[in-house]
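Predicted model only: the values in this text are computed from it and were never measured. One-based numbering, in listed order, for ligands and for the atoms of each.
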Amino acid sequence: MKILVTGGAGFIGSNFVRMVLSEHKDIHVVNIDKLTYAGNLENLQGFLEHPNHRFVRGDICDGSLIARLIDEHKFDAIVNFAAESHVDRSLVDADVFIETNVKGTLTLLKAALDKKVPRFIQVSTDEVYGSLGPQGLFTELSPIQPNSPYSASKASSDHLVRAFGHSFGLNTNITRCSNNYGEYQFPEKMIPLMIHNALNDKPLPVYGDGLYVRDWLYVYDHCTAIWKVLTAGRPGEVYNIGGNNEKTNLEVVGLILDRLKKPKTLIRHVTDRPGHDRRYAIDSGKTMRELGWKPSVTFEQGILKTIDWYLANAAWLNHVVSGQYQSYYQSMYANR
Ligand code: NAD
Ligand code: DAU
């Protein structure tokens, strides 16, 4: 099987490429990534030169490049991870989110249709469902009610994927997962940001009361679920993927501080994120029943593996927080 993976130098995409090349024989991956601030070839260490892997620096909005790659490789599937992925950035400037997440997805869909690519997997998010109250879970039938420019852009791309399936018969699936954590996550996201700050005895900026709830999913488990969808998903279906690990942000930060033997006095409650979704929680029943998927770790196991990985990969972490990251951090947190 030959697959085009987009965004495969980012956090989840690189974990997916690594899992596919390590665990599945005879799979050829062409990995296209623009290498934005979030893309990093060091995320592919040990796999960049793998004989079944070809990396192409490029933009998913570049229709002629996508068409050329499809002509050259005759892909069996496209798996679209490429996106602008950080909610806080979308609240500052939404334009690039529309460009990549909406126009980029449309470009891929048009090329897949035109060139008759047999499968198209759109990696989406539970954030398209909006926010939950204290009870209940998102199912695949929950209404689409995005609250941030990021989630609105992802919902738009999901609608385009659905429309290309419905109107033109493109064989698509959409996966919607909860918050991922694990190896190679860029420290703008909550867990690696808190690990990095704690390691450096810097304050841990907890938004608002810190009682927001996320359903944490270990990135490897997300990747195995996407593989199941790619190989066995029913055409046109949406599959939810969650970790069944609901935690408040304060609980997560507490676990990190305990593991790193740092004091709770490092916690700082800072100005909240505008429009902050209170709670996400996913019902993965359909994915588990239909595709035989289940997560391999609990949050307590996964977070320890993750913290230990960051401790063992200080060079990677120090590299990604040098340069541009410093001005990002200043602009987001200095006056918060
Ligand atoms: P990420 O920001 O770490 O990586 C995104 C990658 O896409 C980067 O390598 C970047 O260089 C690349 N990219 C951005 N614009 C591009 C373009 N125009 N053309 C080609 N490449 C481009 O994101 P992530 O956390 O790995 O998320 C991957 C996907 O999973 C996204 O679609 C995101 O919406 C979705 N998702 C993420 C989470 C999460 O918790 N991180 C949860 C649910 C869904
Ligand atoms: O649910 C899936 C989504 O999860 C993905 O679609 C997004 O791509 C991904 O970024 C993530 O979105 P969140 O906004 O939930 O993740 P983030 O890591 O930014 O924040 C997690 C929680 O932690 C959220 O309640 C906000 C809070 N937070 C975050 C940061 C960065 C803080 O309290 N302090 C922080 O500094």
Side-chain angles (χ1 to χ4, degrees), residues 5-16 31-41 43-44 56-62 65-66 79-91 96-97 99-101 103-105 107-108 122-129 131 138 146-148 150-151 153-154 157-158 175-182 184-194 197 203-217 219 222 226 241-243 247-250 252-253 267-270 272-273 276-282 329 332-333 336:
V5 169
T6 74
F11 164 50
I12 305 173
S14 64
N15 275 283
F16 181 76
N31 178 355
I32 177 174
D33 196 298
K34 189 177 175 182
L35 298 182
T36 66
Y37 77 91
N40 181 358
L41 290 180
N43 295 358
L44 291 160
V56 178
R57 185 172 192 177
D59 191 330
I60 59 165
C61 299
D62 182 347
L65 171 61
I66 304 296
V79 187
N80 183 26
F81 292 93
E84 288 294 328
S85 68
H86 193 38
V87 174
D88 290 329
R89 290 183 192 255
S90 80
L91 293 163
V96 69
F97 286 74
E99 193 61 30
T100 288
N101 301 2
K103 286 196 196 159
T105 301
T107 305
L108 293 171
Q122 173 71 0
V123 179
S124 187
T125 168
D126 61 358
E127 294 200 15
V128 300
Y129 299 126
S131 186
F138 294 130
N147 287 325
S148 71
Y150 161 71
S151 54
S153 71
K154 292 295 287 185
S157 49
D158 285 13
T175 62
R176 297 196 178 122
C177 73
S178 55
N179 286 61
N180 283 221
Y181 67 99
Y184 299 101
Q185 187 168 31
F186 189 75
E188 64 186 351
K189 305 293 184 341
M190 199 261 275
I191 286 183
L193 184 148
M194 299 299 181
N197 283 17
L204 272 50
V206 170
Y207 297 167
D209 63 8
L211 298 178
Y212 294 85
V213 172
R214 297 294 184 261
D215 173 2
W216 292 99
L217 173 66
V219 64
H222 182 199
I226 292 173
I241 307 163
K247 298 275 178 250
T248 65
N249 295 336
L250 278 175
V252 175
V253 167
I267 294 174
R268 294 281 188 289
H269 287 270
V270 300
D272 211 342
R273 171 187 283 175
H276 198 168
D277 286 337
R278 191 64 168 168
R279 175 173 167 258
Y280 304 143
I282 281 263
Y329 195 86
M332 286 293 192
Y333 294 96
R336 198 150 189 160

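Per-residue contacts place E188 under 4.0 angstrom from the following atoms of ligand 2 (heavy atoms of the residue considered): 31 (C). Residue D126 has at least one heavy-atom neighbour below 4.0 Å for each of these atoms of ligand 2: 1 (O), 2 (C). Of all the atoms in ligand 2, the ones that sit under 4.0 Å from a non-hydrogen atom of H86 are 19 (O). With ligand atoms numbered from 1 in the order given, ligand 2 contributes 1 (O), 2 (C), 3 (C), 5 (C), 6 (O) to contacts under 4.0 Å with heavy atoms of T125. Of all the atoms in ligand 2, the ones that sit under 4.0 Å from a non-hydrogen atom of S85 are 7 (C), 8 (O), 9 (C), 10 (O). Contact atoms of ligand 2 toward V206: 33 (O) (distance under 4.0 Å to a heavy atom of the residue). Those atoms of ligand 2 with a heavy atom of V87 less than 4.0 angstrom away are 14 (O). Every atom of ligand 2 is numbered from 1 in the order shown, and the set under 4.0 Å from a heavy atom of Y280 is 1 (O), 15 (O).
With hydrogens and angles ignored, the 3.5 Å screen pairs a side-chain donor or acceptor of N31 with a backbone N or O of G8. Judged purely by atom type and a 3.5 angstrom limit, S131 has no side-chain atom pairing as donor or acceptor with the backbone of D277. Judged by distance alone, the side chain of N15 and the main-chain N or O of F11 form a donor-acceptor pair under 3.5 Å.
For Y184, the ring pair (Phe, Tyr, Trp, His ring centres under 6.0 Å) partners at least two apart in sequence or on another chain are W309, W316. Under the rule for a salt bridge (Lys or Arg N to Asp or Glu O under 4.0 Å), R214 has no partner lying at least two apart in sequence or in another chain. Every side-chain contact (heavy atoms from CB on, under 4.5 Å) that S151 has, sequence neighbours left out, goes to E127, P146, S148.
No N or O atom of D88 sits closer than 3.5 Å to an N or O atom of ligand 2. Taking any N or O of Y150, backbone or side chain, at least one lies under 3.5 Å from an N or O belonging to ligand 2. Looking at Y333 next to ligand 2, an N or O pair under 3.5 Å apart turns up. Note: an N/O pair closer than 3.5 Å links M190 and ligand 2 by distance alone.
Of all the heavy atoms in L65 and D59, the pair that sits closest is CD2-N, 4.2 Å. Across all their heavy atoms, G182 and V219 have their closest contact at CA-CG1, 4.0 Å.
In this structure, the protein non-hydrogen atom closest to atom 33 (O) of ligand 2 is Y207 N, 2.8 Å. Nearest protein heavy-atom neighbour of atom 3 (C) of ligand 2: E127 OE2, 2.9 Å. The protein atom (non-hydrogen) at minimum distance from atom 10 (O) of ligand 2 is K189 CE, 3.0 Å. Scanning the protein heavy atoms around atom 27 (C) of ligand 2, the nearest turns out to be N249 ND2, 3.4 Å. Here the protein heavy atom with the shortest distance to atom 16 (O) of ligand 2 is N179 ND2, 3.3 Å.
A salt bridge is absent between K247 and D215: the closest approach of a Lys/Arg side-chain nitrogen to an acidic carboxylate oxygen does not fall below 4.0 angstrom.
Only the side chain of M194 comes within 4.0 Å of ligand 2, judged by heavy-atom distances. With a 4.0 Å heavy-atom cut-off, ligand 2 is reached by the side chain of Y212 but not by its N, CA, C or O.
Separation of atoms OG (S178) and CG (N180) is listed at 7.0 Å; rounding is to 0.5 Å. To the nearest 0.5 Å, atom CG of residue N179 and atom CH2 of residue W216 are 4.0 Å apart. To the nearest 0.5 angstrom, M194 atom CE is 14.0 Å from K189 atom NZ. Distance check: D62 CG to I32 CD1 gives 7.0 Å after rounding to the nearest 0.5 Å.
The option from R273, R176, M332 that lies nearest to atom 14 (O) of ligand 2, judged by heavy atoms, is R273. One option in G242, A83, S124, P205 has a heavy atom closer to atom 34 (N) of ligand 2 than any other, and that option is P205.
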#### Entry: Check against salt bridge (charged side-chain N to carboxylate O under 4.0 Å, His left out), R57 and D33
CA-CA 5 Å; R57 185 172 192 177; D33 196 298; over 6 Å; no
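Near ligand 1, residues G7, A9, G10, F11, I12, D33, K34, L35, T36, A38, G39, G58, D59, I60, F81, A82, A83, S85, T100, V123, S124, T125, Y150, K154, C177, S178, N179, N180 come within 4.0 angstrom through at least one heavy atom.
Between H276 and Y212, the ring center distance clears the sub-6.0 Å criterion.
In this structure, F16 and F81 have tilted ring planes: the angle between them lies in the 30° to 60° band.
If you check the side chains of N101 and S157, you find no donor sitting under 3.5 Å from an acceptor.
Contact annotation: H276 has at least one heavy atom less than 4.0 Å from an atom of ligand 2.
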